[in-house]
Amino acid sequence: MRAQDSATAQTAIAVPVAPGAGRPATGRGSAARAGTLQAALGVTAFSLTFPATAWGLEGFGPWSLVAVRTVLAAVIAGGCLLALRVPLPGRRHWAGLAVVAAGVVLGFPLLTTLALQTSTTAHAAVVVGLLPLTTALFSALRVGTRPSRTFWVAASAGAAVVIAFTVQQSGGALTSADAYLFGALLVCAAGYTEGGRLACVMPGWQVIGWALALCLPLTVPVAAIALSYEPVQLTAHSVAGLLWVAAGSQFFGLVVWYRGMAAIGIPKASQLQLAQPLLTLVWSVLLLGEHLTPAAPLTAAAVLVCIAVTQRARG
């Protein structure tokens, strides 16, 4: 059983159980392992987002792709909410759900899709390697989490490597794609932090489900307008890409991600995303046939090393 202060705490607190009911320490260890696995599944789902978006852009315009993916994900989430007769969240949670909607439902997908019109998925994936540190910073400011100094040193080192890669790849100057990606980092980190906080007081799938539903009055008319102005070419790649970013990235990935964050805490879960650039690089080669510069895998491997440090750090 768990007790949770929804305003400030981000990690599960074990409550002593009755004699003979089991050992709390074992329960804590099992919950932490399950939470880490769920967060890792979320990262794996997210790592396919950029390649799937690139596929989707083969047949859809950027605005159409983002709007339609959000509508489809909302239909899936809304069907689950209706089938299980989930009551509306309390009024005190709607502001947080609006932040989740603005950050991970609308802002991040739109900004990264615009970036991928001129950026390779490999470059975008490495830049988004800054997301773990950004999320940890938002968590410290929003909910008062206090990771250890070792945690911050390792996370900052990973971020520094990503920044150096970005500057090197951009020839010393940021491109419009980089501006979109850095904007996406900020809005996504805010959405992740707020979603992780809400996942401590309601199931993770309901957090993203209600956030998607909240966007429907906006995304349905935008989808209709975008589809009428942007040409659509249905191909195997474009349809598969659309379906994945809607069902895999926008719904399933966020469900297990928020559950993982609620179990092991926002800072530690966020640092698992340091593996995301490396995974995306693999998908970009296998699915898109992209040719990587030597700097890309070396950078991804360097930030991957930081995961072990952040996951072992106390606090």
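His237 and Trp55 have parallel rings, their planes meeting at less than 30° on a 0 to 90° scale where 60° marks the start of perpendicular. Using a 30° and 60° split on the angle between ring planes, Tyr192 and Tyr258 fall in the perpendicular class, above 60°.
Following chains of ILVMFWY side-chain contacts shorter than 4.5 Å, one can reach Trp205 starting from Leu254, so the two form part of one hydrophobic cluster. In the hydrophobic clustering of this structure, Leu81 groups with Ile208; members are Ile, Leu, Val, Met, Phe, Trp, Tyr whose side-chain heavy atoms approach within less than 4.5 Å, directly or through other members. Under the 4.5 Å side-chain contact rule for hydrophobic residues, Met202 and Val256 do not share a cluster. Linking Ile, Leu, Val, Met, Phe, Trp and Tyr residues whenever their side-chain heavy atoms come within less than 4.5 Å places Val255 and Val86 in a single cluster. Phe252 and Val104 fall into different hydrophobic clusters, where Ile, Leu, Val, Met, Phe, Trp and Tyr residues are linked whenever their side-chain heavy atoms come under 4.5 Å apart, directly or through other members.
Contact record, Val99 with Ala190: CG1-O, 3.8 Å, taken as the closest heavy-atom pair. Here the closest non-hydrogen pair linking Gly204 and Ala199 is CA-CB, 4.4 Å. Residues Ala246 and Leu72 come closest through the heavy atom pair CB-CB, 3.8 Å. The minimum heavy-atom distance between Ala77 and Leu212, with the atom names listed, is CB-CD1, 3.9 Å. Residue Cys80 comes nearest to Phe251 through the heavy atom pair SG-CZ, 4.3 Å, listed as atom of the first residue, atom of the second, then distance. When all heavy atoms of Ala211 and Val105 are compared, the pair lying nearest together is CB-CG2, 4.1 Å.
Every residue two or more places apart in sequence or in another chain that forms a side chain to side chain contact (heavy atoms under 4.5 Å, CB included) with Ala189 is listed here: Leu131, Thr134, Thr135, Phe138.
A distance of 12.0 Å separates CG in Leu88 from NE2 in His93, rounded to the nearest 0.5 Å. Between atom CG of residue Leu214 and atom CG of residue Leu106 there is a gap of 9.0 Å, rounded to the nearest 0.5 Å. Note that CG of Leu198 and OG1 of Thr193 are 11.0 Å apart. Values are rounded to the nearest 0.5 Å. We find the NE2-CG distance between His123 and Leu181 to be 6.5 Å, quoted to the nearest 0.5 Å. Atoms OG1 and CZ, from Thr53 and Phe60 in turn, are 12.0 Å apart once rounded to the nearest 0.5 Å. Atom OG1 of Thr36 sits about 9.5 Å away from atom CZ of Arg33, to the nearest 0.5 Å.
In this model, a donor atom of one side chain and an acceptor atom of the other lie less than 3.5 Å apart for Glu290 and Thr121.
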Practice item. Using the side chain to side chain contact (heavy atoms under 4.5 Å, CB included) rule, take Thr120 and Ser284 through it: C-alpha gap first, then chi angles, then the decisive distance, then the call. Key: CA-CA 9 Å; Thr120 66; Ser284 69; over 6 Å; no
Practice item. Decide yes or no on ring-ring contact (aromatic ring centres under 6.0 Å, His included) for Phe50 and Trp283, but give the supporting numbers first. Key: CA-CA 9 Å; Phe50 286 173; Trp283 301 132; over 10 Å; no
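In this structure, the side chains of Thr280 and Pro51 come closer than 4.5 Å at one or more pairs of heavy atoms.
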Return a table of donor-acceptor pairs under 3.5 angstrom between the side chains of residues 111-119 and protein atoms on other chains or two or more places apart.
| unit_1 | atom_1 | unit_2 | atom_2 | d |
| --- | --- | --- | --- | --- |
| Thr112 | OG1 | Phe108 | O | 2.7 |
| Thr112 | OG1 | Pro109 | O | 3.2 |
| Thr113 | OG1 | Pro109 | O | 2.6 |

For residues 63-70, please give each side-chain donor-acceptor pair under 3.5 Å, one per line with the distance, not counting sequence neighbours.
| unit_1 | atom_1 | unit_2 | atom_2 | d |
| --- | --- | --- | --- | --- |
| Ser64 | OG | Ala226 | O | 3.2 |
| Ser64 | OG | Glu230 | OE1 | 2.7 |
| Arg69 | NE | Gln250 | OE1 | 3.1 |
| Arg69 | NH2 | Gln250 | OE1 | 3.3 |
| Thr70 | OG1 | Val66 | O | 2.8 |

